[in-house]
Amino acid sequence: MKSKERRDFRGIPANAMLLPVEIILIILLTLIVILVFEVNHSSNKLSDLMENFGICQQETMSMQAGINTLSETASSFVQSPVLEDGSTNIGPMSAFAQELGRDRQGPQIAERFHGYDVSDEVKAYIDHAAETTVIMRQTLDHAVALVTSVYPLPPIPALSAIPDFPLTAEELAMPDEARVGLARKLLGGDYAQLKHAVAEDVGSCGALLQRDFSRAADETRQHIASLRMSLWIVIVGIIGILLLVFIMLHFWIVRPLRKHVEDINADLSTNQMSGIREMRVLVSAYNEQLNRRSRLESILRSAAETDALTGLPNRYSLEHNMLETGEDGGSMAVLMFDVNYLKQTNDSKGHLAGDKLIRTAGECIHECFGDNCYRLGGDEFAAVVRGCSEEEVKSRLDRFALVQERENISVSVGYAYAAQTDEDSFKQLLNKADRCMYREKKQIHMLISEASR
């Protein structure tokens with residue numbers, strides 16, 4: 001027996017516990033440093049992906065926007081080379097020259113794209129689009145040159161960026177109207193197909209960029225989520241180990257003794273499965289005495305709050321209910337009951353029959369109005385119905401009348417209803433219901449008196 005007790009209370013040596021804990025903590029802290037570094041690295045990678053995707057998308061849109069601007073300004077000039085006052089329409093060509101000065105021409109963007117971290121498929125679409133824009137530029141320069149050979153542009157610096165496109169001898173020999181017509185023809189259906197081809201290449205490039213970015217971003221986010229989950233697991237592991245160390249150091253004497261003293265001073269049950277054996281025996285005896293006292297208090301409380309004859313809550317319970325009623329502010333009905341002919345039953349059949357009549361009345365009231373029914377004493381009962389409509393209360397009263405007929409009893413009843421309640425409503429409803437009940441009781445007595453004449 002003694003050896004068994006020594007085995008029970010021997011515990012774990014501190015050195016045997018702390019050394020492996022220290023090693024595990026060092027490993028876990030190293031893992032935390034590695035995981036934090038990897039999370040930051042992956043987050044930076046995701047930021048770089050987003051930045052690269054935004055730049056690439058902007059570049060593709062710039063290519064299309066640039067060639068569209070050149071097309072619109074050149075077409076505007078070719079269609080209307082002179083204004084109404086006979087002067088040359090240099091406005092579109094100024095915008096044309098300004099666009100040429102920007103660094104978003106097809107070959108420029110294609111060259112930059114080869115320095116971005118994108119797939120070969122994306123670069124192929126950009127290269128094809130750039131080649132198409134070169135053809136479109138040549139067509140635009142050709143058309144502009146044909147028109148300016150008829151309507152020369154003034155020598156101003158704003159137009160200096162417009163290149164000189166060499167015309168053939170055959171084109172120079174054409175009449176003015178024929179050269180303008182040829183320029184407009186160059187910007188016709190074939191040119192529109194080139195614009196459409198650029199739009200398709202740019203759209204395909206954008207879709208591929210979105211696909212590649214989404215795939216890479218999803219993989220990076222999943223990797224970050226895994227790293228964060230691992231980091232949380234390691235952190236929880238460290239917390240668990242620290243908690244285990246604390247428990248092991250304080251479990252046998254310091255912590256249980258302090259807890260037992262606090263619980264006993266607070267008159268509470270305490271944990272009898274902690275501490276040394278003698279402490280457990282003492283705590284077990286204390287808990288047993290506390291449980292006995294608690295059971296006795298429960299019996300006394302039940303006896304104080306319950307009517308012994310009917311088993312319903314008594315007037316004390318109703319008064320306690322009055323303190324809590326009205327906090328929710330909902331609807332409520334209060335009903336008062338008085339058993340008729342109780343005195344006649346006691347006088348003619350004895351008090352046992354009278355007690356049976358009271359019990360039957362209580363059962364009928366509980367059956368129709370639920371758990372919040374009370375015997376106030378003698379032949380008086382009360383019921384409280386919350387969260388109901390007045391129609392529902394009347395329906396329950398109709399049912400109560402049928403139950404009275406079934407049990408062959410007579411009970412006077414009065415009720416008061418409020419759609420909204422507060423802390424003062426209960427007493428008011430109770431007084432109103434009591435007055436209504438006594439009016440009905442008085443009417444029954446008057447009927448009895450008239451019948452006995």
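This structure is a prediction, so every number in the text was calculated from the model and none was measured.
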Keeping the roles fixed (side chain from [X], backbone from [Y]), state whether a donor-acceptor pair exists under 3.5 Å.
X      : Y      : result
Ser42  : Val39  : no
Asn68  : Gln64  : yes
Asn40  : Ser43  : no
Thr88  : Ile90  : no
Arg184 : Val78  : yes
Thr133 : Ala130 : yes
Asn89  : Ser80  : yes

Are the side chains of [X] and [Y] in touch, meaning some heavy atoms are under 4.5 Å apart?
X      : Y      : value
Glu111 : Gln108 : no
Lys195 : Ser71  : yes
Arg137 : Pro163 : yes
Asp176 : Arg179 : yes
Leu397 : Tyr415 : yes
Phe400 : Asp398 : no
Met332 : Val385 : no
Phe381 : Leu335 : no

Evaluation steps, salt bridge (Lys or Arg N to Asp or Glu O under 4.0 Å), between Arg215 and Glu219 = CA-CA 6 Å; Arg215 183 183 302 162; Glu219 292 175 355; 5.6 Å; no
Can you check ring-ring contact (aromatic ring centres under 6.0 Å, His included) on Tyr151 and Phe77, steps first, answer last?
-> CA-CA 10 Å; Tyr151 303 100; Phe77 174 71; 7.9 Å; no
Other residues, nucleotides, ligands: >12 heavy atoms within 6.0 Å of [X] [atom1]:
X      : atom1 : value
His142 : NE2   : yes
Asp117 : CG    : no
Gln98  : CD    : no
Asp371 : CG    : no
Asp218 : CG    : yes
Lys123 : NZ    : yes

Approximate separation, where rounding is to 0.5 Å, of Met93 CE and Glu99 CD |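 Going from CE on Met93 over to CD on Glu99, the span is 12.5 Å.
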What heavy-atom pair brings [X] and [Y] nearest, and what distance separates the two atoms?
X      : Y      : value
Gly370 : Arg396 : N-NH1, 4.4 Å
Ala129 : Val198 : O-CG2, 4.1 Å
Gln105 : Leu70  : OE1-CD1, 3.4 Å
Leu100 : Ile162 : CD1-CA, 4.1 Å
Ala416 : Leu429 : CB-O, 3.4 Å
Ala161 : Ala97  : CB-O, 3.8 Å

Taking only distance into account, with no hydrogens and no angle test, what donor-acceptor pairs under 3.5 Å do side-chain atoms of residues 226-243 form with protein atoms, sequence neighbours excluded?
residue	atom	partner	partner atom	Å
Ser226	OG	Gln222	O	2.9
Ser230	OG	Ser226	O	2.9

When you check the gap from the basic side-chain N to the acidic O, do Glu391 and Lys394 get nearer than 4.0 Å?
-> no
Output all residues satisfying side chain to side chain donor-acceptor pair (under 3.5 Å) with Ser214, sequence neighbours left out; order by chain, then residue number.
-> Gln210
